[in-house]
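Single-structure report; data block below.
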Amino acid sequence: GAVVSQHPSWVICKSGTSVKIECRSLDFQATTMFWYRQFPKQSLMLMATSNEGSKATYEQGVEKDKFLINHASLTLSTLTVTSAHPEDSSFYICSVPFGATDTQYFGPGTRLTVL
Amino acid sequence: AQKITQTQPGMFVQEKEAVTLDCTYDTSDPSYGLFWYKQPSSGEMIFLIYQGSYDQQNATEGRYSLNFQKARKSANLVISASQLGDSAMYFCAIDSLTGANNLFFGTGTRLTVIP
């Protein structure tokens, strides 16, 4: 399967600051990447689809101006949480579809804590 | 619209025994894929097994097998010869093979393997 990395693995920031999370596909080029969010003891919820060379597609209820997505290259997508608030504290995880079945392979995730 | 239901919030199994984790789904798509992922306490999402709606045979991957009953819309995961390292959250997910291939996840089942 695909190998996906994320950086940082965890971050603590003050309320009002911005945080950038990187998602990299290490062994193949990905025109599409997905960003999910997982609150404690809950399931993963899709936030947005990152498309190389075009704008990201956001799910209903996700603020595009707050969660900025940039698919800078075929191996890198970034998620920037702008003006973070404590309610943005969550586990953010990206995935890359790969193979004939477009199985999604996930990065290790980033745990964000906003104080 | 797609929906995944996992009715078992928690399951216990004796080491070396087999366990079945339930998953039912609802979708209006004629073609779809069903996935199982394992999430240990570290948070990473590990792909386990895939079943396409058009597949005639149940999928198997090592100790994992999928009991796919299309008429009942169920895709239960069977883990044979349970190991202590199998203790984790398990998520069932579905995607469309005819539309956007983002995943919809169930609420998960926490499996605990007892020595």
Side-chain angles (χ1 to χ4, degrees), chain A residues 1-11 21 23 26 30-51 54 56-60 62 69 77 89-113, chain B residues 1-10 21 23 25 29 31-55 57 59 61-62 64 66 68 75 88-110:
Chain A
V3 180
V4 183
S5 70
Q6 267 184 255
H7 178 79
S9 55
W10 60 269
V11 57
I21 302 170
C23 176
L26 298 183
T31 57
T32 300
M33 295 184 181
F34 297 97
W35 286 96
Y36 292 83
R37 181 168 53 182
Q38 185 181 31
F39 291 108
K41 299 189 186 300
Q42 294 188 23
S43 188
L44 275 71
M45 294 296 292
L46 180 67
M47 298 177 65
T49 302
S50 174
N51 304 300
S54 64
T57 306
Y58 291 83
E59 295 300 299
Q60 194 172 9
V62 178
I69 290 174
S77 174
S89 297
S90 186
F91 186 64
Y92 293 86
I93 189 167
C94 67
S95 72
V96 172
F98 176 78
T101 57
D102 275 336
T103 295
Q104 290 191 28
Y105 289 87
F106 286 82
T110 297
R111 195 164 300 282
L112 171 64
T113 301
Chain B
Q2 292 154 320
K3 184 179 179 181
I4 290 283
T5 302
Q6 294 180 255
T7 58
Q8 306 155 314
L21 306 184
C23 172
Y25 61 92
D29 289 309
S31 297
Y32 49 89
L34 293 156
F35 303 80
W36 277 92
Y37 287 87
K38 172 184 178 182
Q39 187 178 42
S41 56
S42 59
E44 60 186 312
M45 293 288 285
I46 302 168
F47 166 67
L48 296 178
I49 195 167
Y50 167 84
Q51 178 86 45
S53 60
Y54 43 78
D55 291 335
Q57 288 190 316
E61 286 287 347
Y64 305 109
L66 208 151
F68 181 47
M89 282 291 289
Y90 288 81
F91 290 95
C92 181
I94 188 172
D95 78 348
S96 169
L97 298 180
T98 55
N101 65 332
N102 40 296
L103 287 173
F104 292 88
F105 286 87
T107 51
T109 297
R110 180 169 295 281

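Numbers restart at 1 for each chain; the letters A, B, ... are given by sequence-line order, proteins then strands. What you see is a predicted model; the values in this text were computed from it and never measured. Excluded from the calculations below are hydrogen atoms, water molecules and symmetry mates; all remaining heavy atoms, backbone and side chain alike, are included.
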- Would you indicate whether the side-chain heavy atoms of B:Q39 and A:F91 approach each other to under 4.5 Å? yes
- Residue by residue, which of residues 40-47 of chain A have a heavy atom closer than 4.5 Å to a heavy atom belonging to chain B? A:Q42, A:S43, A:L44, A:L46
- Query: Where do A:T101 and B:F35 come nearest, in terms of heavy atoms and distance?
  - Reply: O-CZ, 4.2 Å
- Item | Residues forming a side-chain contact (heavy atoms from CB on, under 4.5 Å) with A:S5, sequence neighbours excluded | A:R24, A:L26
- Query: Checking B:Y37 side chain against A:F106 main chain: does a donor-acceptor pair fall under 3.5 Å?
  - Reply: no
- Query: How long is the gap from CG on B:L103 to OH on A:Y36, to the nearest 0.5 Å?
  - Reply: 4.0 Å
- Report the distance from atom CG of A:D102 to atom OH of B:Y50, rounding to the nearest 0.5 Å. 9.0 Å
- Distance from A:Q38 atom CD to B:F105 atom CZ, nearest 0.5 Å? 9.0 Å
- With a 4.5 angstrom heavy-atom cut-off, which part of A:Q6 approaches chain B: side chain, backbone, both or neither? neither
- Item | Contact leader toward chain A among B:S42, B:G52, B:G106, B:G33, where contacts are heavy-atom pairs under 4.5 Å | B:G106
